[in-house]
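What follows is a short report on a single structure.
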There are 2 protein chains.
Amino acid sequence: MDIKTNLIATAERLFDRNGFSATGMDRLTQEAGLSSRTLYKHVGSKTALMALVLGARERRFMERLDVQSVDEIFDVLGQWTRDEGGRGCLFLRSYGETGGDIPEIANVVLTHKDATRAKIAEIVQRDLGAGDHGELTEQILVLFEGAVAAAVYRGMDAISAARKAAAILVAQARS
Amino acid sequence: MDIKTNLIATAERLFDRNGFSATGMDRLTQEAGLSSRTLYKHVGSKTALMALVLGARERRFMERLDVQSVDEIFDVLGQWTRDEGGRGCLFLRSYGETGGDIPEIANVVLTHKDATRAKIAEIVQRDLGAGDHGELTEQILVLFEGAVAAAVYRGMDAISAARKAAAILVAQARS
DNA sequence: GACAGTGTAAAACGATCGTTTTACACTGTG
DNA sequence: CACAGTGTAAAACGATCGTTTTACACTGTC
C-alpha cells in the first residue's frame with residue numbers, strides 16, 4: 001500500500017481509539033512501520049496529519065451516505081458503527097480537543113457538517129417530494145447526530161431508536 | 001469562595017473551552033490563582049481533578065433536569081446552552097480524549113449517562129402515564145444527545161428542532 | 001560507477017508535560 | 001514565644017511531546 005495512505009489509515013485508527021492528543025508521534029511511526037523522518041516528509045506536521053485523516057474520513061463517509069431514503073441513512077450508520085465501532089463523531093471530537101482554535105482543523109470539521117446537512121436535505125427532498133423541508137431536515141440531522149453520540153454507550157439500540165423516530169417524523173410530514 | 005470549589009470551577013471552564021489534554025496545570029494554577037503545591041494538596045492529580053469536574057457538572061446538570069414534562073427537558077437544554085455555551089457533552093468529550101481507558105473517568109461518564117437515561121424515563125413516565133415507554137425513552141434520549149452535539153455547529157436551531165420532534169413522538173405515543 | 005532520490009534507525013533538539021521539592025510568609029492556638 | 005497548619009513563589013524533577021538532524025543503506029538512472 002502507498003506509504004501516505006497507510007500512514008493516514010493508521011493515524012485514523014489510533015486517533016479514534018485513543019484520542020488525538022493522547023496519540024504520540026512515536027507510537028504512530030511504530031505502528032505505521034516507518035521512520036519519523038519519512039512521516040514528516042509526507043505529511044509535514046501532526047496538525048496536518050489530523051486534517052488529512054479527517055479529509056479521508058469525510059470522503060469515505062460521504063461515499064457511504066449516498067442513499068435515496070431517510071430510512072437508509074440509519075442503515076448506513078448501523079453498518080458504519082458495526083464496521084468501525086462507535087466512539088463518537090471523530091470530527092466533533094477533534095474540534096473539542098482543539099477547542100475549535102486550529103483553523104486547519106475547524107474548517108474541515110465545519111465543512112463536513114455542512115456537507116452532511118446538505119446531503120440529508122437532498123435525501124429528505126427526494127423522499128418527500130418538492131416543498132420546504134427545512135424543519136424535517138434539521139430533525140433528521142439531530143437524530144443522526146444523536147444516534148452517533150448515544151451509540152457510544154447504548155450501542156445499536158440508539159441507532160434503531162433514531163431510525164424509528166425518523167420514520168414517524170417522515171410519515172407525519174407526509175400527511 | 002472555597003479554594004477547591006473555585007479550582008474545580010476554573011478547571012471546568014478551561015477543560016470545556018480548550019480541551020482536557022490541551023489544558024496544562026500551569027495555566028490552571030495561574031487562572032485559579034493558586035500555587036501548584038496547593039492544587040495537588042487539594043485534588044491529588046490531574047485525572048482526579050477531571051473526575052471532580054465531571055462530578056460537579058453531573059450534580060449541577062441533574063439539579064436542572066428535575067422537570068415534569070418532555071417539553072421542559074429541551075427548555076432546560078436551551079437555558080443550559082445559553083448560559084454555558086454549547087461545546088458538546090463534556091462527559092463524552094472526556095471519554096473520547098482518554099479513549100475510555102481511565103476507569104476513574106469512564107465510571108463517572110457511564111454513571112452520568114445511566115442517570116440521564118433514568119431521569120428521562122421517569123419524565124416520560126410522568127408525562128405519558130403508566131405503561132412501557134422504553135422505546136420512546138430511547139428516542140428522547142437520542143434527540144437530547146443529538147441536540148447537544150448538533151448545537152456545537154447549529155446553535156439553538158438544533159435544540160428547537162429536537163424539541164419539536166420530541167413533541168411529535170410524544171403525541172404519537174399517546175394516541 | 002557516480003549520483004540523486006527515498007527510505008530506515010536512532011540520537012538529539014528545545015519545549016512542555018504532570019508532579020515534587022525547597023524555601024519562606026502568614027495565621028491562629030497552646 | 002513556640003508551633004503546627006496552610007498558603008505562595010519558584011526552581012527542579014524525570015518523562016514525554018512534536019520535530020529535526022545525523023549517518024547510512026538501497027534503488028533506479030545517466
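FYI, side chains are in, hydrogens and waters are out, and symmetry mates aren't considered; it's all heavy atoms of this structure. Residue numbering restarts at 1 for every chain, and letters A, B, ... go by the order of the sequence lines.
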Mind calculating the distance between [atom1] ([X]) and [atom2] ([N]) to the nearest angstrom?
X: B:Lys4; N: D:dG7; atom1: NZ; atom2: C1'; result: 17 Å
X: A:Leu14; N: D:dG18; atom1: CG; atom2: P; result: 12 Å
X: B:Asp26; N: D:dC13; atom1: CG; atom2: C1'; result: 13 Å
X: A:Lys46; N: D:dT19; atom1: NZ; atom2: P; result: 8 Å
X: A:Arg27; N: D:dA15; atom1: CZ; atom2: C1'; result: 17 Å
X: B:Gln30; N: D:dA10; atom1: CD; atom2: C1'; result: 14 Å
X: B:Glu97; N: C:dC17; atom1: CD; atom2: P; result: 14 Å

Would you mind telling me which of [options] lies closest to the side-chain atoms of [X]?
X: B:Met25; options: C:dT8, C:dT19, D:dG18; value: C:dT19
X: A:Ser35; options: C:dG18, D:dG18, C:dA9; value: C:dA9
X: B:Tyr40; options: D:dA10, D:dT20, C:dG18; value: C:dG18

- Query: Aromatic rings A:His112 and A:Phe91: how do their planes relate, parallel, tilted or perpendicular, breaks at 30° and 60°?
  - Reply: parallel
- Any donor-acceptor pair under 3.5 Å linking the side chain of A:Ser175 with the backbone of A:Gln172?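 At least one qualifying donor-acceptor pair exists.
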- Give a yes or no answer on whether the side chain of B:Arg37 reaches the backbone of B:Leu34 with a donor-acceptor pair at less than 3.5 Å. no
- Crowded around B:Glu72 CD? As in, over 12 foreign heavy atoms under 6.0 Å?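 More than 12 within 6.0 Å, yes.
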- Has A:Gln125 got more than 12 heavy atoms of other residues, nucleotides or ligands less than 6.0 Å from its CD?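 Yes, CD of A:Gln125 has more than 12 neighbouring heavy atoms, counting only those of other groups under 6.0 Å.
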- Message: Just N and O in the side chain of B:Thr38: are any of them under 4.0 Å from OP1 or OP2 of D:dT8?
- Response: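 So the side-chain polar atoms of B:Thr38 do come within 4.0 Å of the phosphate oxygens OP1 or OP2 of D:dT8, strictly under.
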- Message: Under 4.0 Å, counting only non-hydrogen atoms across every strand here, what does B:Gly33 touch: a base, just sugar-phosphate, or nothing?
- Response: sugar-phosphate
- Does any donor atom in the side chain of B:Glu97 or B:Ser21 lie under 3.5 Å from an acceptor atom in the other side chain?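 Yes - a donor-acceptor pair under 3.5 Å links their side chains.
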- Message: Can you say whether a donor on the side chain of A:Ser45 sits under 3.5 Å from an acceptor on the base of D:dT19, or the other way round?
- Response: no
- Item | For B:Ala173 against B:Leu128, the heavy-atom pair lying closest together |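 B:Ala173 and B:Leu128 have their closest heavy atoms at CB-CD1, 3.8 Å.
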- Task: Just do the salt bridge (Lys or Arg N to Asp or Glu O under 4.0 Å) check on A:Lys119 and A:Glu122 with the steps written out, would you?
- Result: CA-CA 5 Å; A:Lys119 186 70 196 171; A:Glu122 177 197 323; 3.1 Å; yes
- For salt bridge (Lys or Arg N to Asp or Glu O under 4.0 Å), just list the numbers for B:Arg13 and B:Glu31, CA-CA rounded to whole Å, side-chain angles, deciding distance to a tenth of an Å, and then say yes or no. CA-CA 10 Å; B:Arg13 198 188 77 238; B:Glu31 298 225 4; 2.4 Å; yes
- Message: Can you work out whether A:Leu39 or B:Thr47 has the more 5'-proximal nearest nucleotide on DNA chain C?
- Response: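 On the 5' side of the pair lies A:Leu39.
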- Task: Anything below 3.5 Å on both distances counts as a pair; with that, list the stems of at least three consecutive Watson-Crick or G-U pairs involving DNA chain C.
- Result: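 So the stems come out as C:1-30 with D:1-30.
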Please enumerate all protein N or O atoms sitting under 3.5 Å from an N or O of nucleotides 3-6 of chain D, with distances to 0.1 Å.
none

